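Shown next, in structure tokens, is the structure this report addresses.
What you see is a predicted model; the values in this text were computed from it and never measured. Numbered from 1 within each chain, the chains take letters A, B, ... in sequence-line order.
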Amino acid sequence: GAVVSQHPSWVICKSGTSVKIECRSLDFQATTMFWYRQFPKQSLMLMATSNEGSKATYEQGVEKDKFLINHASLTLSTLTVTSAHPEDSSFYICSATKVDRPKNIQYFGAGTRLSVL
Amino acid sequence: SQQGEEDPQALSIQEGENATMNCSYKTSINNLQWYRQNSGRGLVHLILIRSNEREKHSGRLRVTLDTSKKSSSLLITASRAADTASYFCATDEGAQKLVFGQGTRLTINP
């Protein structure tokens, strides 16, 4: 199998606070992890690509100081939304690819719904 | 950037009928994948078709790929209520990233 666990599944926070979302590959080593944002009834928007031990690569228009990504091991990546504001409210989803082939199939977490008050 | 355009955006059919959804893309691809997303959940990989393949089957799923028209279709046969979900195509352009289409929201009515 290829199970990706994402935690928390739902978080409510006050404006100005920071929120950390964890993404773990439970039964495989992940070469790369991806962080997406999804608005209601819309597609996934890639925010950044994360490789273990190196800095994340952010997509154009995504503020790296706002969305901090840490990929400390082959099984864990975290996304921290710093100084969250209501406009950051969204559904955040992580995914991972496996070390062994096929490399470009992504295995997704269940997502985190962030509500900023 | 979103490359894939999916058609239709929403589809509602009766249980037992076949469901067909289409995806078009703009650039050359290495492969094309289809994913399914249940409401409020993550995506699940369904099937991958390589650029040198024209058709692929997996259970009740049938995927076609026409690289000359830059399009793909996903057919779900004998639909079930549990097939209700959003379906996304995703293209692999290299550099590990996938570009997802806008998705088709499929509703199967009992």
message: Assess whether a salt bridge exists between E22(A) and R24(A), defined as any Lys/Arg side-chain N lying under 4.0 Å from an Asp/Glu carboxylate O.
response: yes
Under 4.5 Å to a heavy atom of chain A? For R105(B) that would be side chain
If one checks every heavy atom of Q38(A) against chain B at 4.5 Å, the contacting part turns out to be side chain
(Q) Regarding E55(B) and R62(B), does a basic nitrogen lie under 4.0 Å from an acidic carboxylate oxygen? (A) yes
So, the part of Q9(B) with a heavy atom under 4.5 Å from chain A: the answer is neither
**Prompt:** So, do F39(A) and F91(A) have ring centers that fall under 6.0 Å from each other?
**Reply:** no
Per side-chain hydrogen bond (donor to acceptor under 3.5 Å, both in side chains), S73(B) is matched among N22(B), T64(B), D7(B) by T64(B)
Among S95(A), C94(A), A110(A), P40(A), the residue with the most heavy-atom pairs under 4.5 Å to chain B is A110(A)
